[in-house]
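Take a look at the structure below.
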Number of protein chains: 2
Amino acid sequence: MFSLAEENYLKAIYHLESKHKGAVSTNAIAEVMDTKPSSVTDMVQKLADKKVLSYVKYKGTSLTDEGRKTAANVIRKHRLWEVFLVDKLKFHWDEVHDIAEQLEHVHSEELIARLDKFLGFPDFDPHGDPIPDKNGNVKPTEKKLLSELNKKQHGVCVGVKESNSDFLQYLDKKNITIGTKISVLGKEFFDGSMVIQVGRDQFFISKKIAENLYIQTN
Amino acid sequence: MFSLAEENYLKAIYHLESKHKGAVSTNAIAEVMDTKPSSVTDMVQKLADKKVLSYVKYKGTSLTDEGRKTAANVIRKHRLWEVFLVDKLKFHWDEVHDIAEQLEHVHSEELIARLDKFLGFPDFDPHGDPIPDKNGNVKPTEKKLLSELNKKQHGVCVGVKESNSDFLQYLDKKNITIGTKISVLGKEFFDGSMVIQVGRDQFFISKKIAENLYIQTN
DNA sequence: TCTTAAATTTAGACAAGGCTAAAAATAAAA
DNA sequence: TTTTATTTTTAGCCTTGTCTAAATTTAAGA
């Protein structure tokens, strides 16, 4: 069993590894954890003792298989709770992070299994990020930006890239939410604008909007 | 904002106050918290500094209005989460305590307000205990044991007294759950057994069972 | 009332996590 | 290849919450 602090470190290192490949530096961890490098060194040494990461002085750290699995499980919980908050409690996509940050540390396998079922075994969280399975595996995702689609292609909205209140309200107005099917009817190459179909409605969207919506093509 | 440990102490003292009236002793707190009296002394002094309880050396402690409100709020969260776990995730009544014990410490007013609404503003948790409102007020409860009812009386099942697996399975078989209406058709005084009506079914129950079911009469 | 027992508090210590300041190692620049 | 700058680690200290052992207060019994 890992403490709240340990879980947060593992999660942070997991995310850093997926961005810049290679060993993760102490300073990088300190930055995302909003803490001091000296504190990171202490914790990283402790986690190395626990075999969830390998650590070479002055060289950085990388997760072991067990560490990666543990981290993925915390992320799984975080994202499932986010789905709950948005789908069931009707929070907006951009309001749920801090609450999920707390909920992700509740320990109960059974709870997460039942929550997963209750939510209909979702594959993506409200930001379009994939939800790892119980073993920590992440389905290779087909997620792309709407702006990457071409005429006649279609997919399902799985999230937003950067969410702000105005944008979310726009989506509400247009009846676009997680799971909404979107088809590209036309695309202008000189400005990247599109005409799309959502439900029975067809309308124009700017490149800026198309670049902010994640679509799963399948 | 109170720490996890502080919230647990407040909750424990709240429960102790409601049982034995008068100041709560250090040893009593240590017992229910499964900790040492010396640790209790430390914490109680800290909480007194924070004005959530009044403390007189060697004499015991009692919650201030603010402390009582804070405690009631933690209990409110605990019980709402229990309703969620049973009603939505289909846990059994006796499996939810430990999980709710963790969930109750998630900090977000908005979360609890929405959860409350999602659950349909329940008045009782799955054990039949009343759920305090946002201000910490507990409706004077009409809860009694089924065994206290007499012929021709009726009420709604709001919980169980002592739950064990066998008993919960029995209730399942008889289709008795939270919210089930139960009417007393007959009662034998020499052994306390009853004939009751549940839905369209009428059947016999022993005194032992009647003494283990909480009923809200109204 | 005097003495013993029980309850409570104080003193000192420890583990988890974090911080600051100083030392050491690595990387970059001249 | 030195010198300088950056990164990382070490050492020592702090807070929270807990514990043990010893001291103190209150309660109970003779």
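Numbers restart at 1 for each chain; the letters A, B, ... are given by sequence-line order, proteins then strands.
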Between B:E162 and B:E211, is there a side-chain heavy-atom distance shorter than 4.5 Å?
no
d(CG, B:D42; P, D:dC19) in whole Å:
10 Å
D:dT20 base / B:S38 side chain donor-acceptor hit below 3.5 Å
yes
Within the pair A:Y9 and C:dA16, is there a side-chain N or O less than 4.0 Å away from OP1 or OP2?
no
When you compare the side chain of B:T217 with that of B:K144, does any pair of heavy atoms fall below 4.5 Å?
yes
Identify, between A:S39 and B:S39, the residue whose nearest nucleotide on DNA chain C lies closer to the 5' end.
B:S39
DNA chain C nearest-nucleotide lookup for A:A5 and B:Q45: closer to the 5′ end is B:Q45
Does OP1 or OP2 of C:dA24 have a side-chain N or O of A:K57 closer than 4.0 Å?
no
Selected nucleotide, minimal atom distance to B:Y58 side chain, candidates D:dA27, D:dT24, D:dT10
D:dT24
Can you measure A:K59 atom NZ to C:dA25 atom C1' for me and round it to whole angstrom units?
9 Å
Which of A:I176, A:L171, A:D172 passes side-chain contact (heavy atoms from CB on, under 4.5 Å) with A:K174? It is A:I176
Distance check needed: C:dC19 P versus A:M43 CE, whole Å only.
11 Å
Over-ring placement of A:K88 relative to B:F84, 6.0 Å and 45° cut-offs:
no
Evaluate the salt bridge (charged side-chain N to carboxylate O under 4.0 Å, His left out) criterion for residues A:D133 and A:K139: first the C-alpha distance (whole Å), next the side-chain angles of each, then the deciding distance (0.1 Å), finally the verdict.
CA-CA 8 Å; A:D133 68 19; A:K139 241 182 255 177; over 6 Å; no
Output yes when a side-chain donor or acceptor of B:R114 lies under 3.5 Å from a complementary backbone atom of A:K90, and no otherwise.
yes
How close or far is atom C1' of C:dT8 from atom OH of B:Y55, stated in whole angstroms?
7 Å
Which of residues 15-37 of chain A have a heavy atom under 4.0 Å from DNA chain D?
A:S25, A:T26, A:N27, A:P37
